Amino acid sequence: MELVKYVLIFAFFCNGNAELDTLAGGEKSNYTFPKDFVFGVSTAAVQIEGAWDEDGKSPSIWDHLVHTNKTFVRDGSTADVAANSYHLYKRDAEMVHELGVNIYRFSISWPRVLPTGFVNNINPLGIAYYDNLINELLRYNITPMVTIYHWDLPQKIQDIGGWTNSLIVDYYTDYANVLFKHFAHKVKYWVTFNEPMQTCLEGYGGTYRAPALNRHGIAEYLCTHNLLKAHANVYHMFKTHYNETGGKLGMSLDSNWAEPRSNTARDREAVEVYLSTHMGWYAHPVYSPSGNYPPQLIDLVNAKSKKQNYTRSRLPEFTKEEVDFIRGTADFFGLNHYTTYLLSMADKEVGAIPSHENDVGVVRVQDPSWPSMSSSSWLKVVPSGFRRLLNYITKKYPGYPIIVTENGYADYSGLDDTARVSYYSHYLNALLHAIHEDHSNVSGYFAWSLMDNFEWDDGYVSRFGLYLVDFKSPNKTRTPKQSAKLYTEVIASRRLPEDYNPHDFSAFSSASALAPSLLPFILYRLLH
Ligand code: GBH
């Protein structure tokens, strides 16, 4: 059966594709990246550091999840050692330098710095690790960008409710204050939260991210409520006490682009409902001129809650003071973007009852003709979607420069990563067109990721790195892929290569490119 499946997938990708022209992010051009446009690369603590219990670090919710649920990760792996960056950070800084990148975005592990979760016990070795990394970057003239929270809550704080406990606003603020005290004079960019929707919707409302609580319909809203207050609190603390550092602070939101599944008013409406209740769930309170949750979400959850006999909406309400306190609390709009979906209105109940999915009531699919042979099944290559999303954000949330804090492509490993080269070329072409033709307000771009790493539930199967990591080697040897060379070339020349063709998607459909990259995975599946 397995074999039949792969033969079919294989045959599918060998097919031609009629709709490719609509995917291009723009025609061939000589556009260049503006003078002050910054290029970066991103990583996250859980995914690269390893040393999960070394030097005083306590377990995070990810350590806890993968140690207690052995089937959670696709290849049964853990993040115990990962790329061993806790010991190899000097090589990491050297790689960022080799790439010619201006900024390195990495995250700090809360349980490494505060093993109890609280500031009663600040771990000197945790502080020293990040201080050494930052100093190493500065030595190369690389600007550090710190993500304060990239999903690794101390398990000890999860035990007392995690993001559903409203006192976490104080706990998180205390933690952030420790980081500002130690590093704000050296770090000029801060991201309070990486993809809060993944934390709350998938982690508390579902099972796809830690803590896999699955209390849908309630916990994702409670989590978001506390998290947005925590974000705003930290922004105000930063502006009150650390403003003289000149640092900039924002949030990184994940968003797919959405296209209507059919050209009907109803499906066009589904697109707007989807965007405003997903990205807008977090963006509207912080980045919209009026603040608060998006009116669509307020109405939808209210109506469903009433129908379900709740006395009040499952979506908590912000007071007028809270709306004002949260509105405008960012210096930039961090965007993580990878792919596009097709949206339609559901004509029956969808998802579990109650849940955010059920409240929102839209259906999301991908066009099977969209190119991709990614190891991440959701990652279809639609550069035009990236361009449209950048324009949408520029119009909808004016006044905030957009920094693309993540964008990238996953494969099953290999140095000759033509698909990743093609993905980056297409998405950077879309970005250039968004800047030059649409006047999108984009000021920076970060590739995800510097190196292969622990891809959450996909373990080490799905590889996003510009550098290949040999996870079997004792030194976790890092080697630049073709895509690293492309990125270096783009940064140095500030334009796409001469031979780039915006209509060429053959790297995602050629059988010859597909077979060698899929082979190890097919063998793995057949043998297990
Ligand atoms: C980012 O998440 C993370 O910040 C990063 O740590 C991670 O390694 C990287 O991207 C690559 O995955 O539920 O059907 O939409 C990406 C955001 C949103 C992408 C959820 C995958 C799952 C498929 N993710 N999506 S679906």
Side-chain angles (χ1 to χ4, degrees), residues 40-49 60-62 73-74 77 79 82-83 85 105-109 145 147-152 191-203 205-210 212 216 220 251-258 274-275 277-279 281-282 334-343 350-351 355-357 360 362-367 370 372 374-382 385-386 389 403-411 420 423-424 427 446-466 469:
V41 275
S42 291
T43 61
V46 174
Q47 298 180 270
I48 63 165
E49 282 179 8
S60 73
I61 53 175
W62 275 92
V73 182
R74 186 165 164 184
S77 64
S85 286
R105 172 177 177 259
F106 60 95
S107 82
I108 291 185
S109 159
M145 177 190 257
T147 306
I148 299 172
Y149 186 80
H150 199 126
W151 308 355
D152 46 354
V191 174
T192 53
F193 289 97
N194 179 68
E195 303 189 352
M197 190 167 64
Q198 293 299 305
T199 293
C200 295
L201 183 60
E202 308 293 350
T207 56
Y208 176 62
R209 297 295 185 223
H216 39 78
E220 65 271 52
M251 205 176 352
S252 288
L253 305 184
D254 53 313
S255 190
N256 302 310
W257 176 241
Y274 173 77
L275 291 172
T277 57
H278 286 77
M279 176 170 65
W281 189 3
Y282 301 88
L335 171 70
N336 293 359
H337 173 77
Y338 292 87
T339 196
T340 290
Y341 282 84
L342 297 174
L343 271 296
V350 287
S355 66
H356 176 268
E357 185 185 358
V360 169
V362 295
V363 177
R364 213 183 57 165
V365 297
Q366 285 178 309
D367 186 333
W370 285 341
S372 179
S374 176
S375 47
S376 293
S377 55
W378 48 271
L379 218 170
K380 304 281 186 248
V381 186
V382 190
F386 184 33
L389 179 59
I403 300 180
V404 180
T405 41
E406 287 182 24
N407 175 244
Y409 181 83
D411 63 17
R420 184 173 293 100
Y423 181 94
Y424 278 125
Y427 275 70
F446 289 64
W448 180 272
S449 179
L450 172 60
M451 67 192 121
D452 293 340
N453 57 49
F454 178 72
E455 176 53 16
W456 312 108
D457 57 309
D458 272 340
Y460 302 98
V461 176
S462 212
R463 308 291 193 97
F464 275 93
L466 293 170
V469 175

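All of these numbers come straight from a predicted model, not from anything done at the bench. One-based numbering, in listed order, for ligands and for the atoms of each.
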(request) Please determine, by modelled atom types, if Ser462 and Ser375 share a side-chain donor-acceptor pair under 3.5 angstrom. (result) yes
(message) Strictly under 4.0 angstrom, heavy-atom based: which residues surround ligand 1?
(response) Gln47, His150, Trp151, Asn194, Glu195, Gln198, Tyr208, Asn336, Tyr338, Tyr341, Arg364, Trp378, Glu406, Trp448, Glu455, Trp456, Phe464
(message) Does the Lys NZ or Arg CZ of Arg364 fall within the cation-pi geometry relative to Tyr341 - under 6.0 Å from the ring centre and within 45° of the axis?
(response) yes
(message) Going by side-chain contact (heavy atoms from CB on, under 4.5 Å), name the residues that satisfy it together with Ala79, two or more places apart in sequence or in a different chain.
(response) Val46, Phe454
(message) If the condition is side-chain contact (heavy atoms from CB on, under 4.5 Å), which residues does Asp457 pass it with, not counting sequence neighbours?
(response) Phe72, Tyr208, Arg209
(message) Test of understanding: with salt bridge (Lys or Arg N to Asp or Glu O under 4.0 Å), list the residues that count as partners of Asp452, not counting sequence neighbours.
(response) Arg463, Lys481
(message) With rounding to the nearest 0.5 angstrom, report the OG to CG distance, Ser374 to Leu379.
(response) 4.5 Å
